[in-house]
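First up is the structure itself, then whatever we jot down about it.
Remember, it's 1-based here, ligands and their atoms both numbered in the order they're listed.
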Amino acid sequence: MNIPAIPPEKLPALLAAMPKAELHMHVEGSLEPEMIFALAARNGVALPYPDVEALRRAYAFTDLQSFLDIYYAGASVLLKEQDFYDMAQAYLARAAADNVVRAEIFFDPQTHTARGVPTATVIRGLARACADAQARHGISAALILCFLRHLSEQEAFEALEDALPLREHFIGVGLDSSEVGHPPEKFARVFARCRELGFHIVAHAGEEGPPAYIWQALDVLKAERIDHGVQAVHDAALMRRLAAERVPLTVCPLSNQKLCVFPDLAQHNLKALLDAGLCATVNSDDPAYFGGYVNENFRAVFAATGMTAAHAWQLAANGFEASFADAGARRAWRERLDEVFERAADSQAK
Ligand code: ADE
Ligand code: ZN
């Protein structure tokens, strides 16, 4: 569509109002410090921090691993089905308030089974929250099971086996956790099995790791989307392929800033990815840890990089293009997006 010029001071309201898909967020990364302490008290779990403020002060990350160490400690308070429900319910309410109409939510069963929490407990709580959010907020939500790449392929196979009795509750599989030293090819066979089973395939690649990991995610795992992928800019042939095939990149600006992937948000390459014709999207990754949910990611990256209303429309449209929802739903969301921009154009003309 023809995107109107919107003065910069009016852009934040448009960014907030536009309907959007969130395709890259880890539900364990939506655990706010207050909820961590509430669940710790409810479940009798001891935390290595005296209070919420002390925990928040520990959120000074230098790289992905420094974050993951705290993130896995935070998840230790999740024990019961109701805990998983409450966590996902809180995220979905916040997402709906940000005009997210579709959320594809990652979860890490191995983080919980390692503590003796059955996979069924995790999935039942999350799936119930997704179903209730559709009824309560009109938000469409689906789950994607992620394998922890710092563990072995054999352990990933076991996680898959554990989850298969509940397979109707998740639409895809992904790959997350410590990237460098754990290339996608380590998981070639388990992803081949997941493809046979009919799951959608995504993988974190090119967050801190090299472009070679993105090639592997595409060619070995057959990933349909790349989570992060921002290191692709260092490989011109890869950029050409990602653009030609419209492979979606689920980019997470505040995450990249907090984990020092870019020295500063002003140096983020989201605009360069879009201008090169890639299907980049904006997402929150671990919003409770990185300082904002999806609208705050949009606001901050636009303020820092000077993107325009045309970029905003493209990012939201890319989110619907990249979603695994059915074509009818994606078309309806695109129409809602276009209506929001048409209204913005009309009020500009007045
Ligand atoms: N798990 C949660 N957040 C992650 C990230 N940004 N990268 C890899 N694994 C993660
Ligand atoms: Zn992630």
Side-chain angles (χ1 to χ4, degrees), residues 21-32 36 59-76 78 84 87-88 91 95 103-112 114 122 126 143-151 155-156 159 172-184 186-187 200-210 213-214 216-217 221 223-232 248-262 265 268 270 280-294 297 301 319 322:
E22 173 143 73
L23 306 176
H24 180 167
M25 71 80 54
H26 305 259
V27 72
E28 295 89 349
S30 72
L31 261 187
E32 294 286 344
I36 291 179
Y59 293 180
F61 312 117
T62 51
D63 59 10
L64 174 58
Q65 193 59 50
S66 66
F67 154 69
L68 290 171
D69 294 341
I70 289 190
Y71 162 84
Y72 293 128
S76 69
L78 296 159
F84 291 92
M87 170 174 64
Y91 161 70
E104 297 179 12
I105 301 174
F106 296 148
F107 68 105
D108 291 338
Q110 291 160 294
T111 299
H112 313 297
V122 179
L126 299 179
L143 297 170
I144 296 178
L145 181 158
C146 285
F147 301 117
L148 298 181
R149 69 200 304 158
H150 67 273
L151 301 178
E155 287 165 298
V173 298
L175 186 65
D176 66 2
S177 191
S178 320
E179 184 181 12
V180 174
H182 301 285
K186 177 177 162 186
F187 296 92
H200 286 292
I201 305 292
V202 300
H204 284 53
E207 178 183 14
E208 290 182 340
Y213 285 18
I214 303 176
Q216 283 182 22
L221 306 188
E224 297 162 75
R225 297 196 299 241
I226 299 294
D227 296 314
H228 294 294
V230 291
Q231 303 301 335
L249 299 190
T250 61
V251 176
C252 306
L254 288 175
S255 165
N256 294 154
Q257 179 188 29
K258 289 284 158 40
L259 302 188
C260 308
V261 172
F262 296 93
L265 212 47
H268 199 287
L270 178 60
T281 66
V282 167
N283 308 272
S284 68
D285 206 6
D286 300 284
Y289 291 90
F290 299 147
Y293 288 74
V294 72
N297 273 269
V301 76

Backbone or side-chain N or O of Glu207 under 3.5 Å from ligand 1 N or O: yes
Set of salt bridge (charged side-chain N to carboxylate O under 4.0 Å, His left out) partners for Glu104, sequence neighbours left out: Arg102, Arg225
Which residues share a salt bridge (charged side-chain N to carboxylate O under 4.0 Å, His left out) with Glu32, sequence neighbours left out: Arg94
Proximity flag Glu28 to ligand 1, non-hydrogen atoms under 4.0 Å: no
The Zn ion (ligand 2) - number of protein N/O/S atoms closer than 2.8 Å: 4
Partners meeting side chain to side chain contact (heavy atoms under 4.5 Å, CB included) with Glu224 (sequence neighbours left out): His200, Ile201, Phe324
4.0 Å heavy-atom contact, Ser177 with ligand 1: yes
Atoms of ligand 1 close to His26 [distance to a heavy atom under 4.0 angstrom, numbered from 1]: 1 (N), 2 (C), 3 (N), 4 (C), 10 (C)
Aromatic contact, Phe147 with Phe187 (centres under 6.0 Å): no
Atom indices of ligand 1 within 4.0 angstrom of His228 heavy atoms, with elements: 6 (N)
Check: His228 ring centroid to Tyr213 ring centroid under 6.0 Å: no
4.0 Å heavy-atom contact, Leu68 with ligand 1: yes
Sub-4.0 Å heavy-atom approach of Phe106 to ligand 1: no
